[in-house]
Amino acid sequence: MAKLNGPLPRVVIVGGGFGGIAAAKVLAGLPVDVLLLDQRNHHVFQPLLYQVATAALSPADIASPIRHILSGQRNCRVVMARVEGVDLARRVIDVGGAEVEYDWLILAAGATHSYFGNRQWEQFAPGLKTLEDATEIRKRLLLAFESAEYEGSEEERRAALTFAVVGGGPTGVEMAGAIKEIAAHSIPADFRNIDTGTTRVVLFQGADRLLPGFAADLGERARRDLEKIGVEVRLNAKVTDIDARGVTVGDEFLPVRNVIWAAGVQANPLGRSLGVPLDRSGRIVVNPDLTVPGAPNVFVAGDLAAATSAKDGSLVPGVAQGAIQMGRYAGKVIAAELKAGGARPRRPFSYHDKGSMATIGKGRAVAEVGRYHIGGLVAWLLWALIHVAFLVNFRNKVSVLSNWAWQLLTSSRGARLITGVAVISVKLPLPDDRVHARAGDEARRSL
Ligand SMILES: Cc1cc2nc3c(=O)[nH]c(=O)nc-3n(C[C@H](O)[C@H](O)[C@H](O)COP(=O)(O)OP(=O)(O)OC[C@H]3O[C@@H](n4cnc5c(N)ncnc54)[C@H](O)[C@@H]3O)c2cc1C
């Protein structure tokens, strides 16, 4: 057994997302050995992932190495490793074949996409959860315009310039608005053969309103604002199939080359290794003190936890604030028991909802803060302010602010990079008669 020994009790934290980092920080300066494991070397500010996917920001603007975030915390070590499972009875976690002991464990491994049993859709409709997802979507988005520019068939050009977003929650709303904005305002001058302003963005939402987590009037406001900027919003539209040619909704087929999946979330599969009750989304059903049933030294924080708030008995939503508050709570319980030298009565976890917000486009957003329902420019300024404030370090804040200022002034998006070498099929007829087809009516040109 790989025991990272020392006289101090050890807290193992799985996941360097919002929940894991919040927990680690609470334990700073305490007589405890903190070991944080993450399969990636960086923490991602997921609320701004859609801006990387739509070329407004670069990956480094919204991410930071976990090791760097916790570099000032002497009692904390960061290990880049994937945790495969947890053995509650033996108090060990499985880290790629090695076993690591813990005295306390905080599981904060987050969530992943759910395709509702249709995993084969993923290749045509990537979801947005990681930096890799965001750069893949960015690549597909930018390549769609590149291929449309040299597309001979009007039908194919239309399909290349049509984007479908599946799911009308905050991510779907933000993606749909941003794609329409980039097509209509950021890139038209860069293309010669196509009018990117004619790009169609269709947002499919299975429910009868957008933003189901928000008050109904804000969902309606988001729909109106999206339609004002040209997004086609389709409510009560459950997608029944997705393939390389397009999207099917009941009897209707929409030819589309780019689909973005923003419809379903499921908890990290790590939860299954515990052998304890999970909810329908695979989240671990935790006790009021966020511990796993039968394991008072194992806490679950963030998107992996199905937790109810002692405040009103409601389910804690899968949002950054929920994860941060749960992570801090777990850290504080451990800190209190360390100080007391043993177990103490634990107050149940209580979630404080600080509000929700979603952007729709430049100068448009909706925000629900307590009983206040705000829309338009005020909500957008609030959104921008809060997101910058919560970015993890000063460098990210400066970088995001300066990028946004530049975009506001110029409408341009600075991160429009397609990585890798693309081979685009150049179809005839070409507008430029000095380029000729080599065989049949198609020439391939390496760009
Ligand atoms: C596109 C998008 C937009 C969002 N927008 C908002 C928003 O506007 N406002 C809001 O409040 N919330 C938003 N959320 C939700 C919010 O980001 C999550 O609720 C929050 O990140 C959950 O925090 P967490 O700590 O549980 O998990 P995460 O932040 O997801 O962190 C989990 C960490 O665990 C690591 N990990 C996973 N599995 C393993 C393993 N087996 N071994 C080791 N490490 C592992 C991952 O690499 C990751 O670093 C958004 C989410 C997404 C995807």
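Every number for a ligand or one of its atoms is a count from 1 in the order of the listing.
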Might you confirm whether atom CZ of R119 has over 12 heavy atoms from other residues, nucleotides or ligands at distances under 6.0 Å?
yes
Give a yes or no on whether H373 atom NE2 has more than 12 heavy-atom contacts from other residues, nucleotides or ligands under 6.0 Å away.
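Enclosed.
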Using the test side-chain hydrogen bond (donor to acceptor under 3.5 Å, both in side chains), find all partners of S399 that sit at least two apart in sequence or belong to another chain.
D61
Output all residues satisfying side-chain hydrogen bond (donor to acceptor under 3.5 Å, both in side chains) with R67, sequence neighbours left out; order by chain, then residue number.
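Not a single residue meets the side-chain hydrogen bond (donor to acceptor under 3.5 Å, both in side chains) criterion with R67.
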Can you tell which of [options] gets a heavy atom nearest to [atom]?
| atom | options | answer |
| --- | --- | --- |
| atom 22 (C) of ligand 1 | D303, D38, V319 | D303 |
| atom 15 (C) of ligand 1 | P170, G322, G318, P47 | G318 |
| atom 12 (N) of ligand 1 | A320, A81, P269 | A320 |
| atom 53 (C) of ligand 1 | T112, L128, I21 | L128 |

Report, in ascending order of atom number, the atoms of ligand 1 lying under 4.0 Å from any heavy atom of [X].
| X | answer |
| --- | --- |
| T171 | 1 (C), 2 (C), 3 (C) |
| G302 | 26 (O) |
| K129 | 53 (C) |

Residue and atom name of the nearest protein heavy atom (relative to [atom]), distance in Å to one decimal:
| atom | answer |
| --- | --- |
| atom 17 (O) of ligand 1 | Q46 OE1, 2.8 Å |
| atom 34 (O) of ligand 1 | G15 CA, 3.3 Å |
| atom 25 (O) of ligand 1 | G19 N, 2.8 Å |
| atom 27 (O) of ligand 1 | G110 CA, 3.4 Å |
| atom 23 (O) of ligand 1 | A323 CB, 3.4 Å |
| atom 42 (N) of ligand 1 | V83 N, 2.9 Å |
| atom 36 (N) of ligand 1 | Q39 NE2, 3.6 Å |
| atom 38 (N) of ligand 1 | N268 ND2, 2.8 Å |

I'd like to know if the side chain of R209 and the backbone of A215 have a donor-acceptor N/O pair within less than 3.5 Å.
yes
Check: G250 main-chain N/O paired with K238 side-chain donor or acceptor under 3.5 Å:
no
For W383 and W380, take the angle between the two ring planes, folded into 0 to 90°, and tell me which bin it lands in: parallel under 30, tilted 30 to 60, perpendicular over 60.
parallel
Can you say whether the rings of Y115 and W261 are parallel (under 30°), tilted (30 to 60°) or perpendicular (over 60°)?
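Parallel.
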Identify the heavy atoms of L211 and G219 that sit nearest to each other, and give their distance.
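Closest heavy-atom pair between L211 and G219: CB-CA, 4.3 Å.
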Can you find a protein heavy atom closer to atom 31 (O) of ligand 1 than 4.0 Å?
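Protein heavy atoms within 4.0 Å of atom 31 (O) of ligand 1 - there is at least one.
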Should the pair [X]-[Y] be classified as a salt bridge under the 4.0 Å nitrogen-to-oxygen rule?
| X | Y | result |
| --- | --- | --- |
| E232 | R200 | yes |
| R223 | E220 | yes |
| R234 | E252 | yes |

Would you check whether [X] has a nitrogen or oxygen atom less than 3.5 angstrom from a nitrogen or oxygen atom of ligand 1?
| X | value |
| --- | --- |
| F18 | yes |
| L304 | no |
| L270 | no |

Please identify which of these residues, R344, R346, K332, meets the salt bridge (charged side-chain N to carboxylate O under 4.0 Å, His left out) condition with E337.
R346
Examine ligand 1 and decide if any of its atoms is less than 4.0 Å from a heavy atom belonging to A108.
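Distance cut 4.0 Å: A108 passes for ligand 1.
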Hey, does A358 sit under 4.0 Å from ligand 1 if you only count heavy atoms?
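Judged by the 4.0 Å heavy-atom criterion, A358 does not count as contacting ligand 1.
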Taking 4.0 Å as the limit for heavy-atom contacts, which would you say applies to A109 with ligand 1: side chain only, backbone only, both, or neither?
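Both the backbone and the side chain of A109 come within reach of ligand 1.
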